[in-house]
Amino acid sequence: MTSIHAEALKRNGIDYDEAMDRFGGNEALFERLASKFLDDTHFAALEQALADGDDATALREAHTLKGVAGNLSFADLYAAISDVNAALREGDSAGAKARMEPVRIAYESVKTALSSLDD
């Protein structure tokens, strides 16, 4: 990975240094796993579950997305989805919906950054 790519990841809310610590410095492994996130369906499923009023599914999708974000050091996404997850755990679906915009922004930033890895 070039320093340009690493900087793009950092600018888009990915804690690249933490990721390298977590992955033992194995950039290829991180890139391989992180690039799979481009096909992620959990965010869309979360939005749909919230729209449908399906709190159980919304909680499951938020929790899964939180885990993925945490494991891949997507720091901004992790922080934002943690707030939504906490609201859902407390049974506050209105609060979860109100907290979705930062998740949406962080999610799109991560996808933009990961797309740059192909350049």
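Model, not experiment: these values are computed from the prediction.
- For Asp21, there are no salt bridge (Lys or Arg N to Asp or Glu O under 4.0 Å) partners at least two apart in sequence or on another chain.
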Can Asn26 and Met20 be said to form a side chain to side chain contact (heavy atoms under 4.5 Å, CB included), step by step?
CA-CA 7 Å; Asn26 189 335; Met20 286 303 92; over 6 Å; no
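- When each of Phe37, Tyr16, Phe43 is tested with Phe74 by the rule ring-ring contact (aromatic ring centres under 6.0 Å, His included), just one qualifies, namely Phe37.
- Residue pairs that meet the side chain to side chain donor-acceptor pair (under 3.5 Å) test with at least one member in residues 74-84, sequence neighbours left out, do not exist here.
- The closest side-chain heavy-atom distance from Val110 to Leu9 is not below 4.5 Å.
- Connection of Ile105 to Leu50 is not established within any shared hydrophobic cluster, with ILVMFWY side chains joined at heavy-atom distances below 4.5 Å, either directly or through further cluster members.
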Donor-acceptor list for residues 84-96 side chains, cut-off 3.5 Å, not counting sequence neighbours:
unit_1	atom_1	unit_2	atom_2	d
Asn85	OD1	His63	N	3.4
Arg89	NH2	His63	ND1	3.4
Asp92	OD1	Gly95	N	2.7

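- With sequence neighbours excluded, no residue forms a side-chain contact (heavy atoms from CB on, under 4.5 Å) with Lys36.
- Interatomic distance, Arg32 CZ to Phe23 CZ, rounded to the nearest 0.5 Å: 9.5 Å.
- For the side-chain contact (heavy atoms from CB on, under 4.5 Å) test, residues two or more places apart in sequence or in another chain that qualify with Ser73 are Asp15, Glu18, Ala19, Arg22.
- For the side chain to side chain contact (heavy atoms under 4.5 Å, CB included) criterion with Leu77, the lone passing option out of Val68, Leu72, Val103 is Val103.
- Residues satisfying the side-chain contact (heavy atoms from CB on, under 4.5 Å) test with Asn71, not counting sequence neighbours, are none.
- In this structure, the separation between OG1 on Thr41 and CG on Leu46 is 11.0 Å, given to the nearest 0.5 Å.
- Remark: Asp39 engages no residue in a side chain to side chain donor-acceptor pair (under 3.5 Å) (not counting sequence neighbours).
- Note that CG of Leu114 is 5.0 Å distant from CG of Leu38, once rounded to the nearest 0.5 Å.
- For Thr57, the side-chain contact (heavy atoms from CB on, under 4.5 Å) test picks out Ala49, Asp54, Arg60, Glu61, with sequence neighbours left out.
- Counting all heavy atoms, side chain and backbone alike, Ile14 lies closest to Ala113 at CD1-CB, 4.1 Å.
- Here side chain to side chain donor-acceptor pair (under 3.5 Å) pairs that include residues 101-110, with residues two or more places apart or in two chains, are Asp40-Tyr107, Glu47-Arg104, Glu101-Arg104.
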